[in-house]
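Just so we're clear, the structure is a prediction, and the values are computed from it rather than from any experiment. Just so you know, ligand 1 is whichever comes first in the structure, and atom 1 is the first atom listed for that ligand. The figures that follow rest on heavy atoms only: side chains count, while hydrogens, waters and symmetry mates do not.
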Amino acid sequence: MIPFNKPCTIGNELDYIKDAISLGKLCGNGKYTNKCQSFFEEKYGFKKCLLTTSCTDALEMCAILLDIQAGDEVIMPSYTFVSTSNAFVLRGAKIVFADSESNNPNMDCNEIEKLITPRTKCIVVVHYAGASCDMEKVAEIAKKHNIFLVEDAAQAVDNYYISKTGNKIPLGSIGNLAAFSFHETKNIICGEGGMLVVNDENFVKRSEIIWEKGTNRSAYFRGEIDKYGWVDVGSSFLMSELTAAYLWAQLESIAKIQTRRLEVWNLYNSLLKDVQSKYGCTLQTIPSHSTNNAHAFYMICNSTEERGGLIKYLKENDAQLVFHYLSLHKSAFYSDKHDGRELPNADRYSDCLVRLPIYYDITNEQVQKIAEKINSFYADYTK
Ligand SMILES: *Cc1c(COP(=O)(O)O)cnc(C)c1O
């Protein structure tokens, strides 16, 4: 069986974990945490990075930092992972869901402005499959209305927005805050893990306090104060050094990992052209304002039945395809809190999008076999 995902070990993971053990400090904020955080700060120009136990945690930190209060409104896409929303709901926010674009699961940025009210505190964009949202447009709206911008960049490591003037701007560097994931299903992994990015100077100091359980412990260890104590709310958000050691090995080889994923992506894209031209199943497209980090390879089937048949056929032929994201506005938890607006594009991705296996260790032969089986499914299905 070709699994949907297989977490990769790229090289030095075990050596660095051994080193972390030999240093006698396994809790967070040690050598490997600092190496990883500095890597991101230097390579992508993020102002401040804090490793967390998950992207979910990093998003919860965003909601605390923005001081989200009961009744505050947060605009985000409905077609996203539950954590994007949950982090803000935990603080009492009302979620105002926006529809996706017709040709891309990302939030339709032309929809945002009419959803803004005096209670709107923040816009959360999600770079679905790593592909950039229209960041110049959304940043302009946020600025005009004086509301915060958060990037859920869980899937967007090492990817870029291409500006109107042709500059490549790293995703995660544009919002006031951003959150990344290193969950085993993402490009760069450490099992469970994430990172908060603080680009807005106003949040730098407090982010460290929230990270350290509401204490000023980090400032104490830098020698800036002579004792530390409880100064704010916070929680246990730090990533362990064992996990950060694994992550560092991955970051050292980020170019190798991304290159291979892109090869796999391009191979699928070329082998599945017929499925699109002959059978009307839409292949993933990368918006012209985005680079491609090959986080996912997906197709959009013509119907839910067709998708179900495709997944079943591939399973019978030893490959695991998956679909995901029941639109959050239709979820058991939130449907009665949603304002009733129809979000047809989000529904369509919920009903028809299917993801193919993509990971570092997948072989070209496996990709060819999957593509061949998809082609033969469609040849039969449309007879
Ligand atoms: C994976 C993912 C998350 C959650 O990441 P964790 O590290 O598992 O908490 C949040 N948002 C999106 C869009 C994701 O894809």
Checklist entry - Given a cutoff of under 4.5 Å between side-chain heavy atoms of I, L, V, M, F, W and Y, with clusters grown through shared members, what are the other residues clustered with W230? => result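 Hydrophobic cluster check, W230: no partners found.
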Item to check | ILVMFWY clustering at 4.5 Å (side-chain atoms), partners of L171 | outcome: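 Listed partners: I75, V96, M107, I112, L115, I116, I123, V125, M135, V138, I141, I147, L149, Y161, I169, I174.
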Checklist entry - Less than 4.0 Å between a side-chain N and a carboxylate O, is that true for E316 and K373? => result no
Checklist entry - Any ion pair linking K143 and E140 (charged N to carboxylate O, less than 4.0 Å)? => result no
Checklist entry - Looking at Y160, is K168 sitting on its ring face, NZ or CZ under 6.0 Å from the six-membered ring centre and within 45 degrees of the normal? => result yes
Short N or O contacts of ligand 1 with protein, under 3.5 Å, listed by atom name?
residue, atom, partner, partner atom, Å
ligand 1, 5 (O), S181, OG, 3.3
ligand 1, 7 (O), C55, N, 2.9
ligand 1, 7 (O), S181, OG, 2.7
ligand 1, 9 (O), C55, N, 3.3
ligand 1, 9 (O), T56, N, 2.8
ligand 1, 9 (O), T56, OG1, 2.5
ligand 1, 11 (N), D152, OD1, 3.3
ligand 1, 11 (N), D152, OD2, 2.8
ligand 1, 15 (O), Q155, NE2, 2.7
ligand 1, 15 (O), K186, NZ, 3.2

Item to check | Residues that K278 engages under salt bridge (Lys or Arg N to Asp or Glu O under 4.0 Å), provided they are two or more places apart | outcome: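 With neighbours one apart ignored, the set is D274.
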